[in-house]
Number of protein chains: 2
Amino acid sequence: MSTRREAVREALTTSSGFRSAQDLYADLRADGSKIGLTTVYRALQALSDAGEVDVLRTDEGEAVYRACDTESHHHHLVCRVCSTAVEIEGPTVERWAAEVGAQHGFTGVTHTVEVFGTCAECSRA
Amino acid sequence: MSTRREAVREALTTSSGFRSAQDLYADLRADGSKIGLTTVYRALQALSDAGEVDVLRTDEGEAVYRACDTESHHHHLVCRVCSTAVEIEGPTVERWAAEVGAQHGFTGVTHTVEVFGTCAECSRA
DNA sequence: GGCGAAAACGAAAATGGTTGTCAAAATTCT
DNA sequence: AGAATTTTGACAACCATTTTCGTTTTCGCC
């Protein structure tokens with residue numbers, strides 16, 4: 001486990017929302033780090049493979065990452081203005097997805113669920 | 001409404017799963033059409049703006065399209081092998097997403113839900 | 001049918017996020 | 001210390017998508 005990867009992990013942890021690889025690279029450089037973009041991508045890939053961060057895609061196809069509090073399966077409620085994300089759990093959805101899959105004879109059913117909105121704070125502005 | 005756009009729409013309609021722009025381009029060329037890649041992209045953009053097709057992103061960030069039977073809000077159960085998609089509705093999820101958003105003070109809540117699995121036919125193989 | 005304006009087309013170039021290459025630098029092992 | 005291994009980062013390569021721009025087609029109108 002290298003220092004660089006730790007740096008990326010920390011940059012992610014200190015942020016409350018989803019960040020893109022390019023964002024993180026910019027953050028790290030701004031903090032004086034001499035890290036390279038390639039390394040940021042590699043670190044994110046490794047962290048994501050290890051299941052230590054969640055990944056999803058923006059509507060524009062950009063990959064965004066987030067270090068989550070829990071490693072168990074969960075979803076996110078993301079503010080579309082400030083990108084802050086709240087981790088949410090939904091036994092309801094889990095059950096629903098499994099049922100729907102089973103009804104149609106599908107096996108190995110998984111699902112992706114993301115909820116977007118404008119958070120209370122950003123709504124006020 | 002041009003002929004080209006119709007061709008793209010039809011190429012989509014005759015397919016039961018999600019197809020990428022490049023896939024459709026290949027299909028159309030294989031059928032002898034002299035359509036350009038640019039036009040395929042433009043047609044898909046237009047159709048998607050008009051709400052006539054659904055768009056989502058693969059894990060690799062590629063945009064995939066599908067002409068759906070209903071124009072109302074719905075989700076998909078997609079086979080991860082043959083990419084066939086079944087349209088599904090879920091009052092349960094709709095309600096859940098709205099509730100979760102409201103509980104955290106979010107406004108203008110929307111959501112994306114996709115369910116993946118291996119369809120009955122592909123499971124057999 | 002002919003004409004001109006406007007919309008649609010398509011080839012090629014530009015863009016932008018992401019991945020591959022490879023030599024240099026850092027770390028580990030002995 | 002010295003060799004072997006891993007990590008790193010500058011740069012080039014990729015690839016889906018978008019932009020550019022000159023050409024072609026379509027449409028409304030005479």
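Computed over heavy atoms, backbone and side chain alike; hydrogens, waters and symmetry mates excluded. Sequence lines set the chain letters: A, B, ... in the order given, protein chains first and strands last, and positions in each chain run from 1.
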Separation of atom [atom1] in [X] from atom [atom2] in [N], rounded to whole Å:
X     : N      : atom1 : atom2 : answer
A/E6  : C/dA26 : CD    : P     : 19 Å
A/E60 : C/dT15 : CD    : P     : 19 Å
B/K34 : C/dA8  : NZ    : P     : 23 Å
B/D59 : D/dC15 : CG    : P     : 19 Å
A/I35 : D/dA10 : CD1   : C1'   : 14 Å
A/L44 : D/dG9  : CG    : P     : 13 Å

*Distance-only polar pair, side chains of B/R80 and A/T110, donor-acceptor under 3.5 Å*: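 Yes.
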
_Looking only at side-chain N and O atoms, does A/H74 offer a donor or acceptor that is under 3.5 Å from a partner on A/D69?_
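Note: A/D69 and A/H74 side chains miss the donor-acceptor criterion.
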
*Name the one of B/E89, B/E94, B/E87 that satisfies side-chain hydrogen bond (donor to acceptor under 3.5 Å, both in side chains) with B/H75?*
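Only match with B/H75 under side-chain hydrogen bond (donor to acceptor under 3.5 Å, both in side chains): B/E94.
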
_Check the phosphate of C/dG10 against B/R4, side-chain N and O only, distance under 4.0 Å to OP1 or OP2. Yes or no?_
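Answer yes for this pair, as a side-chain N or O of B/R4 is under 4.0 Å from OP1 or OP2.
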
_With a 4.0 Å limit, can you tell me whether A/T39 has a side-chain N or O closer than that to the phosphate oxygens OP1/OP2 of D/dG9?_
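For D/dG9, OP1/OP2 do have a side-chain N/O of A/T39 under 4.0 Å.
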
_Contact state string [nucleotides 16-21 of chain C, B base, S sugar-phosphate only, - no protein heavy atom under 4.0 Å]_ = -SBBB-

*asked:* Strictly below 4.0 Å, N to O, side chains only: are B/R124 and B/E121 in salt-bridge contact?
replied: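 A salt bridge is absent here (no side-chain N lies under 4.0 Å from a carboxylate O).
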
*Any residue meeting side-chain contact (heavy atoms from CB on, under 4.5 Å) with A/A85, in chain and number order, not counting sequence neighbours*: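 A/A85: side-chain contact (heavy atoms from CB on, under 4.5 Å) contacts with A/F18, A/R66, A/H76, A/V78.
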
*Can you tell me how far the CG atom of B/L12 sits from the OG1 atom of B/T14, to the nearest 0.5 Å?*
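So the CG of B/L12 and the OG1 of B/T14 are separated by 8.0 Å.
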
